[in-house]
Amino acid sequence: MAIISTKYLLARARKEGWAVPAFNIHNAETVQAVMEACRERRSPAILAGTPGTFKHIACQEMLALGGTYAHSFGVPGILHLDHHEDYDDIVIKVNAGVRSAMIDGSHLPFEENVALVRRVVAYCHLHDCSVEAELGQLGGIEDDKNVDAAHAFLTDPQQAVAFVERTGIDSLAVAIGTAHGLYAQRPNIDFARLEEIGQQVSIPLVLHGGSGVPDEDVMQAIRLGIAKVNVGTELKIAFAAAVKTWFAAHPDGSDPRYYMREGMNAMKKVIHEKITLCGSEDRLNPGGAL
Ligand code: 13P
């Protein structure tokens with residue numbers, strides 16, 4: 001099964017009132033864990049790789065892995081570029097076969113963000129690659145980037161309308177009070193702001209920083225227009241904790257088939273919970289088609 005874009009999938013999810021979970025993946029085992037869970041739940045999910053991920057395992061190999069699992073498991077293969085900031089980097093990855101990209105110009109002044117995103121959209125749309133962009137800026141740690149509270153700011157609904165119209169993006173990542181990484185206390189999500197954005201902007205909205213957000217908040221966000229929920233940190237923590245536990249019980253152990261499987265199963269448990277939360281279970285037609 002080919003690697004596909006997220007344009008129609010996210011639009012469908014928003015229309016039907018559910019969300020596609022996007023899981024950050026880092027290596028063969030984490031891709032396998034996501035795809036196994038997708039097969040078990042007949043759910044679509046997005047494999048999200050940051051620039052740091054593709055330094056560890058090249059985009060071409062990730063595409064091959066995602067495409068191979070999609071084909072043999074009968075589930076959609078979606079490899080998404082998460083938080084990419086560089087036009088040339090995106091062009092290279094689209095040429096390699098990527099069909100879903102986030103161009104993150106959220107750190108730039110509004111006009112520069114618009115200009116960068118427009119350029120990326122012009123290229124990506126020629127190649128059937130959907131584009132997500134962010135307005136406002138989330139705090140927290142993602143990949144090798146740390147945005148402190150002083151530099152985080154929420155999405156302005158009126159600017160969001162202009163941003164979507166002027167850039168032609170397929171989905172909009174909103175800053176509404178979530179952050180990347182774990183929360184010291186319950187996140188204070190600005191639902192009124194999300195509702196206003198959702199009323200003004202018809203394209204699918206994306207929630208970043210999904211780890212540790214209470215379930216009822218995620219469900220409320222989906223009701224207000226969120227159609228993609230990004231989860232990274234919770235998966236890493238579950239994987240690492242299970243591997244540590246395994247080594248504590250097997251101090252002389254060394255076989256990756258055993259400790260990796262422990263990590264994958266712990267990660268899959270979280271993935272299953274997020275699939276339930278997003279309402280993405282049983283969204284595939286017979287044969288895995290969308
Ligand atoms: P968390 O690591 O906080 O779940 O955020 C993931 C994310 O938003 C990826 O873009």
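Throughout, numbering of the chain's residues begins at 1 and tracks the sequence. Indexing begins at 1, ligand by ligand and atom by atom, following the structure's order.
The aromatic rings of Y87 and Y123 stand perpendicular to each other, their planes meeting at an angle above 60°, with 30° marking the opposite boundary. The aromatic rings of Y258 and W246 lie parallel to each other, with less than 30° between the two planes, well short of the 60° mark.
S211 OG, 2.6 Å is the protein heavy atom nearest to atom 4 (O) of ligand 1. The protein heavy-atom contact nearest to atom 8 (O) of ligand 1 is G209 N, 2.8 Å. The protein atom (non-hydrogen) at minimum distance from atom 9 (C) of ligand 1 is D82 OD2, 3.1 Å. Protein heavy atom nearest atom 3 (O) of ligand 1, with residue, atom name and distance: G181 N, 2.9 Å.
Near H208, meaning under 4.0 Å from any of its heavy atoms, are these atoms of ligand 1: 8 (O), 10 (O). Less than 4.0 angstrom separates some heavy atom of V231 from each of these atoms of ligand 1: 4 (O). Of all atoms in ligand 1, listed by their number and element, those nearer than 4.0 Å to a heavy atom of T233 are 1 (P), 2 (O), 3 (O), 4 (O). For ligand 1, the atoms lying closer than 4.0 Å to a non-hydrogen atom of H83 are 10 (O). When each atom of ligand 1 is checked for a heavy atom of G232 under 4.0 Å away, the hits are 1 (P), 2 (O), 4 (O), 6 (C).
No donor-acceptor pair under 3.5 Å is formed between the side chain of R283 and the backbone N or O of P44.
In E234, neither the side chain nor the backbone holds a heavy atom less than 4.0 Å from any atom of ligand 1. Proximity of N24 to ligand 1, defined as any heavy-atom pair under 4.0 Å, is confined to the side chain (atoms from C-beta onward).
Considering OG1 of T53 and CG of D143, their distance stands at 6.0 Å, rounded to 0.5 Å.
Ligand 1 lies less than 4.0 angstrom from a heavy atom belonging to A179.
Counting heavy atoms of neighbouring residues, nucleotides and ligands inside a 6.0 Å radius, atom CZ of F247 exceeds 12 of them. Within 6.0 Å of atom CZ in R118, 12 or fewer heavy atoms from other residues, nucleotides or ligands are found, so the atom counts as exposed in its surroundings.
Side-chain contact check for S130 and D170: no donor-acceptor pair (N or O, by modelled atom type) lies under 3.5 Å. Under the 3.5 Å distance criterion, with hydrogens and angles disregarded, no donor-acceptor pair is assigned to the side chains of H180 and N230.
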